[in-house]
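Heavy atoms only: backbone and side chains are in, while hydrogens, waters and symmetry mates are out.
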Amino acid sequence: MRLEVLAFAAGVWLLQRAAVLPAPAALGMAALVAIAAWVWARLFAGGRSLARVIGVATAGVLGWSWAAGHAHIRMADRLDPALEGRDVVVTGVVASLPQPFERGVRFELDAERAALAHPPPESAKVHSARVPRRILLAWYNGLTPEEFQAVVPLRSGERWAFPVRLRQPHGPVNPHGFDYEASLLERGIGATGYVAARGEPRRLAALVARPAYLVERLREGLREKFWDALPDHRYAGVVIALAIGDQRAIDRQDWQTFTRTGVNHLMSISGLHVTMVAGLAALAVFGLWRRSARLALRLPAHKAAAAAGFAAAFAYCLLAGFAIPAQRTLYMVGVAAAALWLDRLGSTSRVLCAALALVLLLDPWAVNSPGFWLSFGAVVAIFYAGAGAATTRGARWLLAWGRMQWAVTIGLAPPCSRCSSRSRSYRLPRTRSRSRR
């Protein structure tokens, strides 16, 4: 299983390094041939070595096909170039925390329907327009954040009708720099734009009662409570960022200081924070559960602690906006909790490979993130260095701690040196499709 999972991850990584997406027909054919070869090897191959080699190769092809299929789906959900620069009326739900900036506000909108604001006069038909499922909008309303909240409050979960002008996502693809376009693709945003001055935005519903929107409304309410409780404190933005994952609340000068001192990653809710919350919840439940004979007889304390740790991690991820780094950690915590619950925690490498497979199945773009490599690399280094540390006694624990720190430092040096390297931008194979560049 472990070699197959690693081969699957290698296939996903190779696809993300490709400059052009394979055609859908070639994609399906490769997957069918790989599965047929695996079935043949399992049924008719004489030696186990040959069957194992074919199985590993099949896993690699399936990983490549899986990532390519997801990429085709995302690339298909992009704005039609014919709609760029045209006035479109989009009706949708505010799907993220509105982010005020100087003289405006930025937010993500889940589009429900759209129509051309000014259809061609030669046709009497109603000209509907197809826009991506999620778009990123800026509303330059000329108001300060305080004035905007007082005059036209825009809140998560509200349904609005906006006159907008959209365009396909564009961004610089400089070597060793942030790939803004790839980031939008990973987040499922198929168009960016702004609310047009022509026309009047209209609020159609105060709250759309769906779980995702209710969570966003809760996060927005918590952010407002933090601002009200800490109105004149400079560190209020840091508290908000650590509590609900809103990094834009941090003052720009403070963020530059964090970046220059190398501690900006501590302001982002990532695997460190999610694991800490899960560990504290599991430790508290384990300590209390084992003190009750009735509870311990009904369910072992370590299983209750595993369930509590996963529940706490899931709740914290929701509160933090379910960001992609937090999602990956949640999946890893879930696999470890499931293995502990099912009494399958015998092999650490198997649990780690199961978490790797789950992460890539749910998010094939994870291999593009430095946090992906750093997270799994750190876990591997800790497991390797701590193999015999549990048996240390007395002052030798300090030596074991130092050995673990050096193992993490040396083990993460290669991925850290590649953290700034981004994946190559790929495009569709058809010449009439626009390149992501």
Strictly under 6.0 Å, is that where the ring centroids of W341 and F310 end up? no
Ion pair present between E216 and R155, side-chain N to carboxylate O less than 4.0 angstrom? no
With side chain to side chain contact (heavy atoms under 4.5 Å, CB included) as the test, would you mind laying out the steps for W38 and L62 before giving the verdict? CA-CA 11 Å; W38 178 79; L62 290 180; over 6 Å; no
Under the side-chain contact (heavy atoms from CB on, under 4.5 Å) rule, collect the residues that match up with A57, sequence neighbours excluded. none
Is the Y140 to F101 ring centre distance short of 6.0 Å? yes
Below 3.5 Å, can you tabulate the donor-acceptor pairs from side chains in residues 273-285 to any protein atom, sequence neighbours excluded?
residue: H273; atom: ND1; partner: S268; partner atom: O; Å: 3.3
residue: H273; atom: ND1; partner: S270; partner atom: N; Å: 3.4
residue: H273; atom: NE2; partner: L266; partner atom: O; Å: 3.1
residue: T275; atom: OG1; partner: G271; partner atom: O; Å: 2.6

On a heavy-atom basis, which atom in L27 and which in S65 lie closest, and how many Å separate them? CD1-CA, 3.4 Å
Side chain proximity check, M332 to L352, heavy atoms < 4.5 angstrom: yes
About how many Å separate CG of L184 and CD of Q168, when rounded to the nearest 0.5 Å? 12.0 Å
Without swapping roles, check the side chain of W289 against the backbone of L299 for a donor-acceptor pair under 3.5 Å. yes
Evaluate side chain to side chain contact (heavy atoms under 4.5 Å, CB included) for R350 paired with V5, printing each intermediate quantity in order. CA-CA 10 Å; R350 289 183 180 273; V5 171; over 6 Å; no
Have a look at R106 and tell me which of L137, T192, L136 forms a side-chain contact (heavy atoms from CB on, under 4.5 Å) with it. L136
CH2/W365 to CG/L15 distance, rounded to the nearest 0.5 angstrom? 9.0 Å
Above 12 or not: heavy atoms from other molecules or residues under 6.0 Å from CZ of F314? no
Rounded to the nearest 0.5 Å, how far apart are CZ of R298 and NZ of K303? 15.0 Å
If we ignore hydrogens and angles and just use 3.5 Å, is the side chain of T58 paired with the main-chain N or O of I54 as donor and acceptor? yes
For residues I250 and A241, report the shortest heavy-atom separation together with the two atoms involved. CD1-CB, 3.8 Å
How long is the span from the CD atom in E220 to the CG atom in D246, to the nearest 0.5 Å? 10.0 Å
Answer yes or no: is there a side-chain heavy-atom contact under 4.5 Å between P98 and W139? no
Salt bridge (charged side-chain N to carboxylate O under 4.0 Å, His left out) partners of R187, counting only residues at least two apart: E108
Quick one: side-chain hydrogen bond (donor to acceptor under 3.5 Å, both in side chains) partners of Q256, sequence neighbours excluded? none
Chi angles and distances behind the side chain to side chain contact (heavy atoms under 4.5 Å, CB included) call for F322, V215: CA-CA 10 Å; F322 222 62; V215 170; over 6 Å; no
Are any side-chain N or O atoms of R217 and backbone N or O atoms of S156, one a donor and one an acceptor, separated by less than 3.5 Å? yes
Can you confirm whether V56 sits close enough to L6 that some side-chain heavy atom of one is under 4.5 Å from a side-chain heavy atom of the other? no
Side chains of D363 and Y331, donor plus acceptor under 3.5 Å: no
Those residues at least two apart in sequence (or on a different chain) that pass salt bridge (charged side-chain N to carboxylate O under 4.0 Å, His left out) with R210 are E112
Between F162 and F107, how do the two ring planes meet: parallel, tilted or perpendicular, split at 30° and 60°? tilted
I want to check something: taking the side chain as every heavy atom from C-beta on, are L360 and V367 in contact at a cut-off of under 4.5 Å? yes
Heavy-atom side-chain contact between L83 and L116 under 4.5 Å: yes
In terms of heavy-atom contacts, L109 and G92 come closest through CD1-C, 3.6 Å
Beyond-backbone contact of E4 with R52, side-chain heavy atoms, under 4.5 angstrom: yes
Taken in chain and number order and not counting sequence neighbours, the residues that satisfy side-chain hydrogen bond (donor to acceptor under 3.5 Å, both in side chains) with D251 are none
Got L356 and R2 here, is their nearest side-chain heavy-atom distance under 4.5 Å? no
What's the shortest heavy-atom distance between L319 and R219, and which atoms? O-NE, 2.8 Å
Identify the two heavy atoms, one from L21 and one from A71, that lie closest to each other, and give their separation to 0.1 Å. CD2-CB, 3.7 Å
Are R165 and D87 close enough, and set up right, to give a side chain to side chain contact (heavy atoms under 4.5 Å, CB included), and what steps lead you there? CA-CA 5 Å; R165 286 196 175 185; D87 290 332; 2.7 Å; yes
Atom CD1 in I240, atom CD in E224: separation rounded to 0.5 Å? 10.0 Å
Where A111 and V90 come nearest, the two heavy atoms and their spacing: CB-CG1, 3.9 Å
CD1 on I244 to CG on L218, rounded to 0.5 Å: 9.0 Å
Is the backbone N or O of P22 less than 3.5 Å from a side-chain atom of H72, with the two atoms forming a donor-acceptor pair by type? yes
N-O pairing of D77 and R134 below 4.0 Å: no
Is any side-chain heavy atom of L207 closer than 4.5 Å to one of L214? yes
